[in-house]
J.: 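Got a structure for you, written out below as structure tokens; questions coming shortly.
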Amino acid sequence: MFPELTKGHSYEECKGTADWLLAQTDVRPTIGIVCGSGLGGLADMLKDQVAFNYKDIPNFPQSTVHGHAGRLVFGTLKGRPCVCMQGRFHLYEGYTIQKITFPMRIFKLLGVETVILTNAAGGLNEDLKVGDVMIIKDHINIPGYGGFNPLVGPNDDRFGLRFPCMSDAYDRELRQLAMNVAQELGYEDFMKEGVYCVLGGPSFETIAECRMLFRLGADAVGMSTAPEVIVARHCGMRVFALSLITNQAVMDYDSQEKANHEEVLQTGKQRAEQLERLVSTMVTRIEHNNNYA
Ligand SMILES: O=P(O)(O)O[C@@H]1C[C@H](O)[C@@H](CO)O1
């Protein structure tokens with residue numbers, strides 16, 4: 001790895017961005033939400049919005065992917081102060097892994113305690129159907145095996161430890177809370193739990209790759225989330241993440257199916273309302289001190 005590729009923003013630069021945002025809104029968010037492909041409608045749930053285009057925020061990258069609006073939205077969700085990324089960043093857009101995870105450090109410096117991440121993913125496990133919501137219980141970070149871990153480079157102890165633990169990355173109580181809320185809402189038929197595997201993208205996986213990933217223990221495959229989770233956990237925020245299964249990964253050489261981004265966005269639209277209800281109900285049950293009501 002070249003040193004210039006492992007240089008993220010300094011603590012002071014992150015603080016500069018967070019202070020710039022805090023100076024322009026009275027909202028003091030304790031919950032941060034990241035919207036996956038086609039799931040940006042989650043941000044529209046916020047009341048009394050103060051929204052910033054990414055291009056106007058100091059040091060922020062810009063969204064380049066269809067289905068990622070590129071706005072940071074502050075507001076309240078059923079009275080809870082929240083901040084929501086309407087669009088995230090991916091390695092395949094050409095940003096460094098430090099850059100795509102930079103917003104997690106901004107969340108932390110804004111006062112966020114709990115991060116809720118969503119993504120679109122392909123189902124590898126045949127128990128996962130298109131339209132299912134998979135609560136992520138763990139991840140496999142394939143780019144990390146090649147040195148693409150967002151914590152590569154000098155460690156700033158003000159953010160967190162040099163060697164953070166990841167065996168508890170996906171908060172057990174928040175996963176239980178999601179299951180409880182799903183049951184109350186009558187969503188249990190499409191709520192699942194599983195392991196998410198991140199690849200660099202942007203090409204979708206080959207059949208051999210899908211078969212390999214399933215054998216490795218992955219239930220769903222995507223191109224995001226795990227790097228953000230690593231940075232969020234490094235700086236001590238609690239994490240809940242879910243995948244909307246937008247397509248079934250092709251595992252069979254006789255299949256005529258082809259993964260495509262339009263199908264991903266379309267499935268997002270179909271489940272949008274239920275996802276919004278699930279996330280907003282969860283938010284009302286997460287106390288500001290990170291206990292659960
Ligand atoms: O931001 P997410 O992970 O939801 O986006 C997924 C992965 C690719 O960016 C895109 C493929 O359709 O959707």
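Indexing begins at 1, ligand by ligand and atom by atom, following the structure's order.
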J.: Can you tell me which residue and heavy atom of the protein come closest to atom 7 (C) of ligand 1, and the distance to 0.1 Å?
T.: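 I find the closest protein heavy atom is M223 CB, 3.7 Å.
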J.: With a cut-off of 4.0 Å, which atoms of ligand 1 are near a heavy atom of G36?
T.: 4 (O)
J.: Under 4.0 Å from a heavy atom of H90: give me the atoms of ligand 1 that qualify, with their elements.
T.: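 Taking each heavy atom of H90 in turn, ligand 1 has 1 (O), 2 (P), 5 (O), 9 (O) under 4.0 Å.
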J.: For T118 and ligand 1, does the shortest N/O to N/O distance drop below 3.5 Å?
T.: no
J.: Regarding K99 and the six-membered ring of F102, is the cationic atom NZ or CZ under 6.0 Å from the ring centre and inside 45° of its axis?
T.: yes
J.: What residue and atom, counting heavy atoms only, is the protein's closest point to atom 12 (O) of ligand 1, and at what distance?
T.: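 Going atom by atom, the protein heavy atom closest to atom 12 (O) of ligand 1 ends up being H261 ND1, 2.6 Å.
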J.: What are the two closest heavy atoms between N149 and Q98, and how far apart are they?
T.: O-NE2, 4.2 Å
J.: Applying salt bridge (charged side-chain N to carboxylate O under 4.0 Å, His left out), can you list everything that pairs with R271, at least two apart in sequence or on another chain?
T.: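 Result, salt bridge (charged side-chain N to carboxylate O under 4.0 Å, His left out) vs R271: none returned.
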J.: Short list, please: which atoms of ligand 1 are under 4.0 Å from a heavy atom of Y92?
T.: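 Those atoms are 8 (C), 9 (O).
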J.: At a 4.0 Å threshold, what atoms of ligand 1 neighbour a non-hydrogen atom of N119?
T.: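 The atoms of ligand 1 under 4.0 Å from a heavy atom of N119 are 3 (O), 4 (O).
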J.: How far does CD of Q24 sit from CG of D56, to the nearest 0.5 angstrom?
T.: 9.0 Å
J.: For ligand 1, is there an N or O atom under 3.5 Å from any N or O atom of R88?
T.: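 Yes.
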J.: Does F204, backbone or side chain, put an N or O under 3.5 Å from an N or O of ligand 1?
T.: no
J.: Under 3.5 Å, N or O to N or O, is S224 touching ligand 1 that way?
T.: yes
J.: Which residue and non-hydrogen atom of the protein lie closest to atom 10 (C) of ligand 1, and at what distance in Å?
T.: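 Going atom by atom, the protein heavy atom closest to atom 10 (C) of ligand 1 ends up being S37 OG, 3.6 Å.
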J.: Step by step, work out the side-chain contact (heavy atoms from CB on, under 4.5 Å) result for Q176 and E173.
T.: CA-CA 5 Å; Q176 186 59 52; E173 287 174 56; 5.6 Å; no
J.: ring-ring contact (aromatic ring centres under 6.0 Å, His included), that's the test. Do F240 and Y170 meet it? Break it down for me.
T.: CA-CA 6 Å; F240 172 77; Y170 297 87; 8.9 Å; no
J.: Counting from 1, what ligand 1 atoms have a heavy atom of H68 closer than 4.0 Å?
T.: 1 (O)
J.: Parallel, tilted or perpendicular for F60 and F89, by the 30°/60° rule?
T.: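 Rings of F60 and F89: perpendicular, as their planes differ by over 60°.
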J.: Less than 4.5 Å apart, any side-chain heavy atom of V83 and any of V73?
T.: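 In short, these two side chains do not touch, never coming nearer than 4.5 Å.
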